[in-house]
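What you see is a predicted model, and the numbers here were worked out from it, not measured in a lab. As a basis for the values below, the full set of heavy atoms in this structure was taken, side chains included, without hydrogen atoms, waters or symmetry mates.
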Amino acid sequence: NAGPNQVCPAATTSYSVSLTDGTSFTASHTTTVFVQPSPTVPADTVICQSAPPHNLVASPSGGEWYGQGVTDTFIGVFHPDTAGPGIHNILYIDTNQCIDSFNINITEIDAGPMLAACPGTAPFSITGTPSGGIWSGDSVKASGLFNPLNGGSYVLTYTNNLCSDTTLINVAALSLQSNDTLCQSDSKFDLTFSPPGGIWTGIAISDSIAGSFEPANALPGDNYVVYNSNGCADSVNIYIIEIDAGALTKYCPYQSPVT
């Protein structure tokens, strides 16, 4: 038939076309449509949010991976915690630009961040996500009530929906750096402290977990910052010396001196 003609072969196929002008002139041409096989990707799967990162595998290899939780496009590293709970469609494009995809269903589980507590203070509750799970480990009840009676580092496990995650509670007396004096123009720095797992508060604290202090954001004079642990707290005073070189100013060559 006179074209155009659309073809969609399931396998590599050669097509020949002929042209005639109704007289003795005839022309023909043969073309081959090469059909590449679709890539093979993993089957849909369900994994826990706490599962370790792993490499995705497809055939043929050498393609590129895309999707929420893919942290390396070329190697195909998938990080369940980065992806987060829910169903994520993961796309694979092979070197022939053929595409296939599959779904990873992430089951939510999170034991929460690392915490700190002072020895001998009152028991406190810890929570995991989603609610309704069971805690296990030294000095913790199944409900999540933790007793920081003795010092040490406690690895606690939260289990729910057939998934488990762990968190760490550091029980120790607070030890903070000495008071300090800085210029307002000094660079940001991290306060030194132990045990980790508490929260810093105060003016000029830019990272409450790491204890980052920004002198440029502090007030001239005393700046008390507080480190809060479960059952106790302590503070450090950072004295700021004010200094300001002024705003950027432009001058012309050979003009009179200025102050």
Side-chain angles (χ1 to χ4, degrees), residues 6 8-12 33-116 125-137 140-144 146 153-170 190 196-200 206-212:
Q6 185 178 27
C8 187
T12 298
V33 177
F34 294 92
V35 177
Q36 303 292 344
S38 297
T40 300
V41 299
D44 292 351
T45 187
V46 178
I47 60 176
C48 297
Q49 186 179 352
S50 57
H54 62 277
N55 291 351
L56 303 170
V57 178
S59 179
S61 60
E64 298 179 9
W65 293 93
Y66 297 95
Q68 184 73 23
V70 174
T71 57
D72 189 308
T73 298
F74 300 101
I75 298 177
V77 178
F78 180 79
H79 199 303
D81 195 39
T82 299
I87 298 175
H88 304 284
N89 186 251
I90 306 301
L91 190 73
Y92 181 69
I93 305 176
D94 69 15
T95 53
N96 296 313
Q97 299 302 301
C98 294
I99 300 173
D100 202 356
S101 67
F102 72 108
N103 291 327
I104 300 180
N105 190 344
I106 305 294
T107 301
E108 183 178 24
I109 187 74
D110 188 357
M114 177 173 59
L115 299 173
S125 293
I126 55 177
T127 57
T129 305
S131 61
I134 296 175
W135 286 94
S136 59
V140 70
K141 293 185 177 181
S143 62
F146 178 76
S153 293
Y154 297 81
V155 178
L156 307 179
T157 302
Y158 183 67
T159 303
N160 199 350
N161 296 325
L162 303 179
C163 291
S164 295
D165 192 24
T166 60
T167 190
L168 179 69
I169 300 182
N170 296 307
D190 290 340
I199 299 293
W200 283 96
S206 59
D207 187 321
S208 62
I209 304 299
S212 300

Closest non-hydrogen atoms of Trp135 and Gly144, given as atom of the first, atom of the second and distance, are CD1-CA, 3.3 Å

Check whether the side chains of Ser212 and Asp190 place a donor and an acceptor atom closer than 3.5 Å, and report yes or no. yes

By the definition side-chain contact (heavy atoms from CB on, under 4.5 Å), identify the one residue from Asp110, Asp165, Ile109 that meets it with Thr129. Asp110

May I ask you to decide if Ala83's main-chain N or O and His88's side chain share a donor-acceptor pair within less than 3.5 Å? yes

Assess the residue pair Leu168 and Leu115 against the criterion (side chain to side chain contact (heavy atoms under 4.5 Å, CB included)); give the C-alpha distance rounded to whole Å, side-chain angles, the decisive distance to 0.1 Å, and a yes or no. CA-CA 6 Å; Leu168 179 69; Leu115 299 173; over 6 Å; no

Would you find more than 12 non-hydrogen atoms of other residues, nucleotides or ligands less than 6.0 Å from Ile75 atom CD1? no

By ring-ring contact (aromatic ring centres under 6.0 Å, His included), Phe146 pairs with (sequence neighbours left out) Phe124, Tyr154

To the closest 0.5 Å, what do you measure between CE (Met114) and OG1 (Thr167)? 8.0 Å

Closest approach of Phe78 and Val70, non-hydrogen atoms and distance? CD1-N, 4.1 Å

Is it true that Ser164 and Thr157 share a donor-acceptor pair across their side chains at a distance under 3.5 Å? no

Evaluate the criterion side chain to side chain contact (heavy atoms under 4.5 Å, CB included) for residue pair Asn160 and Ile134; output intermediate values, then yes/no. CA-CA 7 Å; Asn160 199 350; Ile134 296 175; over 6 Å; no

Which heavy atom of Pro53 sits nearest a heavy atom of His79, and at what distance? CG-CD2, 3.3 Å

Verify, without hydrogens or angle tests, whether Asn170 (side chain) and Ala116 (backbone) share a donor-acceptor contact under 3.5 angstrom. no

Main-chain N/O of Gly63 paired with Asp94 side-chain donor or acceptor, under 3.5 Å: no

Sort and list the pairs that fulfil side chain to side chain donor-acceptor pair (under 3.5 Å) and have at least one residue in residues 64-74, not counting sequence neighbours. Glu64-Tyr66

Looking only at atom types and distance, does a side-chain atom of Thr12 sit under 3.5 Å from a main-chain N or O of Val35, one as donor and one as acceptor? yes

